[in-house]
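Each remark here refers to the structure printed beneath this line.
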Amino acid sequence: MSKVASIFDLECLARERLPGVVFDYIHGGSEQQLTVQRNLDDMRALALRQHSLRDVSHRDTRVTMAGDPARIPLALGPTGLAGLTWANGECEAARAAVDFGVPFCLSTCSINSIEDVAEAINQPFWFQLYLMKDHKVNASLMRRAHDASCSALVLTIDLHTQGKRWADEKHGLAVPPRLTPANIMQMVGHPRWLANMAGSKRHTFGNFEHEIKEAGSIGSLSKWIEEQFDPAFDVNTARRVRATWQRKLILKGVMNPDDARTAIDIGADAIIVSNHGGRQLDGAPSSISVLPEIVDAVGDRIEVLFDGGIRTGGDIVKAIGLGAHACLSGRAWLYGLAARGCKGVTCALTLLEQELQDCMLLTGLDNLQRIEPGVVTAQPPLGRR
Ligand SMILES: Cc1cc2nc3c(=O)[nH]c(=O)nc-3n(C[C@H](O)[C@H](O)[C@H](O)COP(=O)(O)O)c2cc1C
């Protein structure tokens, strides 16, 4: 087995192991992928200032995220169809998260259902909700998340329509992947993936299987979900969710100070500054570039979480240095899952933790909640001023 030194190695292994239709789905973004690239570029463009004459033998990375303990300031964010990369992928990832000691968030559009994950880990987890036009389904999903002891509901607010991912359209991505001659060739060409998938408990959107009559046929279920994203979603809709869900509520997809202030008004417990990993509005700024103005707008009136472009432990320090309380990851853990299942997710978390520790040692930080201004900066201009 080849040595994995970074998340980028896991990405390479995922690319090798998965058929193109599945790899492109997890890796890509919407349209020209401008925002996917900005998330990565802007994160890399930030500089970390060394601070060397300090004793940093005791370092604390622990934090609570929406009330739940986390060994490092990172949760596994919601990613739809993770179970297409590894059999029972959401259960495997949730196990890795629990064993490591970070929160796991299940997507509405997962392959394993809420109940599958609850049974697999027997511990509270977070559930991400896409609000559907069908309010009965929304109410039922929230009830099921409540009964499964989910400690937080992550309400995604940036899905009035689904971003167009050109690669997925060309592949004819469906759940399970459509059997076009090209897709069949790709799947047959990836026998390890195919054999592993045969052991999957489910092969469609697990959370909807018993919710709607269209669930009988996989094609009609995918179509039903696509048509259910609601352009009328607004602050009143979010307020209704707040009134229904009594536990922690996190609004995900906040990209401007107005939405952040509204989240406070409606009584949300936390926000996630996120552009959906560049999978929704192509052309949106990177999430790291808008983080400081959102933090300035809300102060400490609400917990500010962050995602988008986290690939190293240093990236976590950068986000926290710019005011985030903690981060979520999407692709980093998905690459791990796609490469090696539960062990791959543990590997991703371990790498990020080691890099985080190294970054703290070299920047002179003993506690991430006390990063002084100036540790994370723009790259200083070259040459004498
Ligand atoms: C394959 C994939 C599927 C995703 N599915 C969901 C989803 O179902 N719900 C959601 O709120 N966000 C979803 N996201 C967005 C992530 O939660 C997160 O915002 C994003 O991946 C963060 O960027 P990163 O991948 O650079 O870490 C998805 C992202 C990816 C890569």
Side-chain angles (χ1 to χ4, degrees), residues 5-9 11 29-56 59 61 72-74 254-260 271-300 304-332 351-385:
S6 72
I7 296 296
F8 302 100
D9 289 340
E11 180 184 328
S30 55
E31 300 181 12
Q32 300 181 74
Q33 315 199 62
L34 301 172
T35 300
V36 179
Q37 200 55 46
R38 276 181 196 155
N39 279 351
L40 297 172
D41 291 347
D42 289 358
M43 187 65 89
R44 282 177 197 172
L46 287 168
L48 290 161
R49 278 274 167 106
Q50 269 174 242
H51 215 129
S52 302
L53 295 174
R54 279 183 182 171
D55 175 354
V56 275
R59 295 169 309 284
T61 59
I72 56 172
L74 187 85
V254 171
M255 283 293 282
N256 69 65
D258 279 350
D259 285 350
I271 55 171
I272 305 176
V273 174
S274 169
N275 54 29
H276 217 112
R279 295 165 75 84
Q280 284 297 103
L281 176 64
D282 192 34
S286 63
S287 43
I288 196 76
S289 69
V290 300
L291 176 63
E293 62 172 314
I294 293 175
V295 170
D296 285 351
V298 299
D300 55 11
V304 179
L305 305 174
F306 168 86
D307 78 22
I310 301 275
R311 299 290 184 277
T312 69
D315 295 339
I316 299 173
V317 175
K318 288 175 179 175
I320 295 178
L322 292 184
H325 174 72
C327 305
L328 291 90
S329 148
R331 292 178 184 83
L351 287 167
L352 292 169
E353 182 181 46
Q354 282 165 356
E355 292 161 356
L356 177 65
Q357 288 283 356
D358 289 349
C359 185
M360 290 176 76
L361 285 166
L362 296 173
T363 50
L365 295 171
D366 57 5
N367 188 321
L368 289 170
Q369 302 309 310
R370 290 197 303 265
I371 305 185
E372 66 262 46
V375 172
V376 180
T377 64
Q379 166 67 26
L382 295 177
R384 282 214 181 106
R385 265 171 268 176

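Counting only distance, with no hydrogens or angles, the side chain of Ser287 and the backbone of Val273 share no donor-acceptor pair below 3.5 Å. Not one N or O on the side chain of Ser274 forms a donor-acceptor pair closer than 3.5 Å with the backbone of Asp307. A donor-acceptor pair under 3.5 Å is formed between the side chain of Asp315 and the backbone N or O of Thr312.
Atoms CG and CG, on Leu46 and Asp41 in that order, are 11.5 Å from each other to the nearest 0.5 Å. Rounding to the nearest 0.5 Å places CD of Gln32 at 6.0 Å from CG of Asp282. With rounding to the nearest 0.5 angstrom, the NZ atom of Lys318 is 10.5 Å from the CG atom of Asp42. To the nearest 0.5 Å, the span separating CD on Glu11 from CD1 on Ile7 amounts to 9.5 Å.
For the pair Arg311/Arg331, a side-chain contact is recorded, criterion being any heavy-atom separation below 4.5 Å from C-beta on. Using a 4.5 Å heavy-atom cutoff, the side chains of Val56 and Met360 are not in contact. The shortest side-chain heavy-atom distance between Val290 and Asn275 does not fall under the 4.5 Å cut-off.
Across all their heavy atoms, Leu368 and Ile371 have their closest contact at O-CG1, 3.2 Å. Between Ser286 and Arg38 the shortest heavy-atom distance is CB-O, 3.5 Å.
Arg59 CZ: more than 12 foreign heavy atoms inside a 6.0 Å radius. Under a cut-off of 6.0 angstrom, the local environment of CD in Gln50 is sparse, with at most 12 non-hydrogen atoms contributed by other residues, nucleotides or ligands.
Among Thr377, Leu365, Thr363, the one residue that satisfies the side chain to side chain contact (heavy atoms under 4.5 Å, CB included) test with Leu48 is Thr363.
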